[in-house]
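On a predicted model such as this, the values are computed, not experimentally measured, just so you know. Any value given below was found using the heavy atoms of this structure, including those in side chains, with hydrogens, waters and symmetry copies removed. Protein chains get the first letters and strands the later ones, always in sequence-line order, with residue 1 at the start of each.
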Number of protein chains: 2
Amino acid sequence: MLQLVDVSTQNGFQDGMSGNPLPLGDLSSLVGYHLRRASAAFALDFQEAVKGTGMRQVLVGILSIIAANPRVNQGTVGAALGIKRANMVSLINELVDGGLVAREVSPTDRRAFSLTLTQAGEAMRQECTARIQAHEAQMLADMTAQERETLLELLGRIAAKRL
Amino acid sequence: MLQLVDVSTQNGFQDGMSGNPLPLGDLSSLVGYHLRRASAAFALDFQEAVKGTGMRQVLVGILSIIAANPRVNQGTVGAALGIKRANMVSLINELVDGGLVAREVSPTDRRAFSLTLTQAGEAMRQECTARIQAHEAQMLADMTAQERETLLELLGRIAAKRL
DNA sequence: TATTGTTATACTCTATAACTATA
DNA sequence: TATAGTTATAGAGTATAACAATA
C-alpha cells in the first residue's frame, strides 16, 4: 500500500535550485513535463555514474540488449531501443572499435550483422550496471521499495503504449 | 491508498512494437531507462497534440511559466525550466517574433527583460494546454486517478533532487 | 566586481532520403 | 520487390566562452 499525497499542495514540482518557488502554471499537472524533468535528472546522474568509462546512455542500453541476446541482429537492437537504423551504424562502429562488441556477418542472412559482447564488453557492461544501480539507489533513497516498484510498473505501462 | 503490483510478472517492460518479447537485460530494472522511454513516448504524443501550432515542448513550457508569472525575467524563466541563458535568447526571440510574448526592459533593472504573454500568447497557451491534457488523458487512460496522482508525486520527488 | 542578456560556436541526438548488397 | 545496413545531411537540443550594458 502507498500513501497518496495531494499534488496541488506539494512542494515537489518547483525549481529545486535555490529553493525557488516560481509557479509553473499548467505545467504542474502535466505528466509529460515531469517525465521530461525526471528523465533529465536521471540522465545527469547517469553521466556522473559512468564518468571515465566513455559510455553513454544509448551505448549501455545496446550493451545490455546484446548481453541478453547474444548474436542478435543490429536492426533488432535498434528496434528494441527505438534507435533508427541509420543511427545504429556509428554507434555499433564505436562499440566495435572500442573492442566491446564483436560484429560478424549473420550465417543465416548475409545482409545482417550478428552482434555479441566481447569479454571487455561484458566487463564494461557489468561495471556500468553496478555504478548506475548504486547511483539510482541514491537518487531513489527516499522512496520505499514498494514505491520504486510502483514507479517502475507505472512507467512500464506508459512506455508500452507507444515505442 | 494504492494497490501494489508485482513488477516481475508484469508485461510492461518489453518492446511494444509487434509484440516483440526481446529481453532487455539489466535495463529492465533501471528506473532511468524507463523514464527515458516514457519521456520519449510522451514527447512523441506531445508533438502530435500540438501539430500545426508551431509549438514545441520548451516553448509551451515557457508560455506556461510566463502566464503564471507575468513580468517575469527572461533568466528566471530559464532557471525554472533548466534552460541555459544563451539558449533562452533565440527561444524568446521566436515567441516575440510570433507575437506570443511581449518583451519590455524591466523598469527596476535595465539589463533585464520583463516578459508577459500577449492575447495571442495566452490563447495559444490555452489551446496547447487543452490539446495536451486531452492527449495525456488518452495516454493514461488505463490508469486510475489515484495512480496518476501517485505517478506525478513520485516524479516530482525525483526531479526535486537535482534540477 | 557581478549579473543580464547576447553572439558565436561546437557537439550530441535525431530524422530523412538515397544508395548497396543481399533476400 | 523488400530488407539490412550504409552514407550524407539537416534539424533540434544543449554546452561553453567571450562580450556589452548595467548593477
Checklist entry - Where each residue is assigned the nucleotide of DNA chain C containing its nearest heavy atom, which of B/Asn93 and A/Arg85 is assigned the position nearer the 5′ end? => result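 Its nearest nucleotide lies further toward 5', so the answer is B/Asn93.
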
Which atom pair, heavy atoms only, marks the closest approach of [X] to [Y]?
X	Y	value
B/Ala38	A/Leu155	CB-CD2, 4.0 Å
A/Arg131	A/Lys51	NH1-O, 3.1 Å
A/Met139	A/Ala41	CE-O, 3.9 Å
B/Asp142	A/Arg157	O-NH1, 3.1 Å
A/Ser39	B/Ser39	CB-CB, 3.9 Å

Checklist entry - When you match B/Lys84 and A/Met88 each to their closest nucleotide on DNA chain D, which lands nearer the 5' end? => result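 Upstream on the strand: A/Met88.
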
Separation of [N] [atom2] from [X] [atom1] (nearest whole Å):
X	N	atom1	atom2	value
A/Ile83	D/dA4	CD1	C1'	16 Å
B/Arg37	C/dT14	CZ	P	10 Å
A/Leu44	D/dG13	CG	P	17 Å
B/Gln47	D/dA12	CD	P	11 Å
A/Asn73	C/dA21	CG	P	20 Å
A/Gln74	C/dT22	CD	C1'	15 Å
B/Leu59	D/dA12	CG	P	11 Å

Item to check | Interface residues of residues 98-114 of chain A with DNA chain C (non-hydrogen, below 4.0 angstrom) | outcome: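 Of all residues in residues 98-114 of chain A, the ones placing a heavy atom under 4.0 Å from DNA chain C are A/Asp109, A/Arg110, A/Arg111.
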
Item to check | From CD (A/Glu136) to CD1 (A/Ile132), nearest 0.5 Å | outcome: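 Rounded to the nearest 0.5 Å, the CD-CD1 separation comes to 7.5 Å.
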
Do [X] and [Y] touch side chain to side chain, with heavy atoms closer than 4.5 Å?
X	Y	result
B/Leu81	B/Val58	no
B/Val31	A/Leu140	yes
A/Phe46	A/Val60	yes

Got a list of protein N/O to nucleotides 8-13 of chain C N/O distances below 3.5 Å?
{"from": "C/dC13", "atom 1": "OP2", "to": "A/Arg56", "atom 2": "NH1", "distance (Å)": "2.4"}

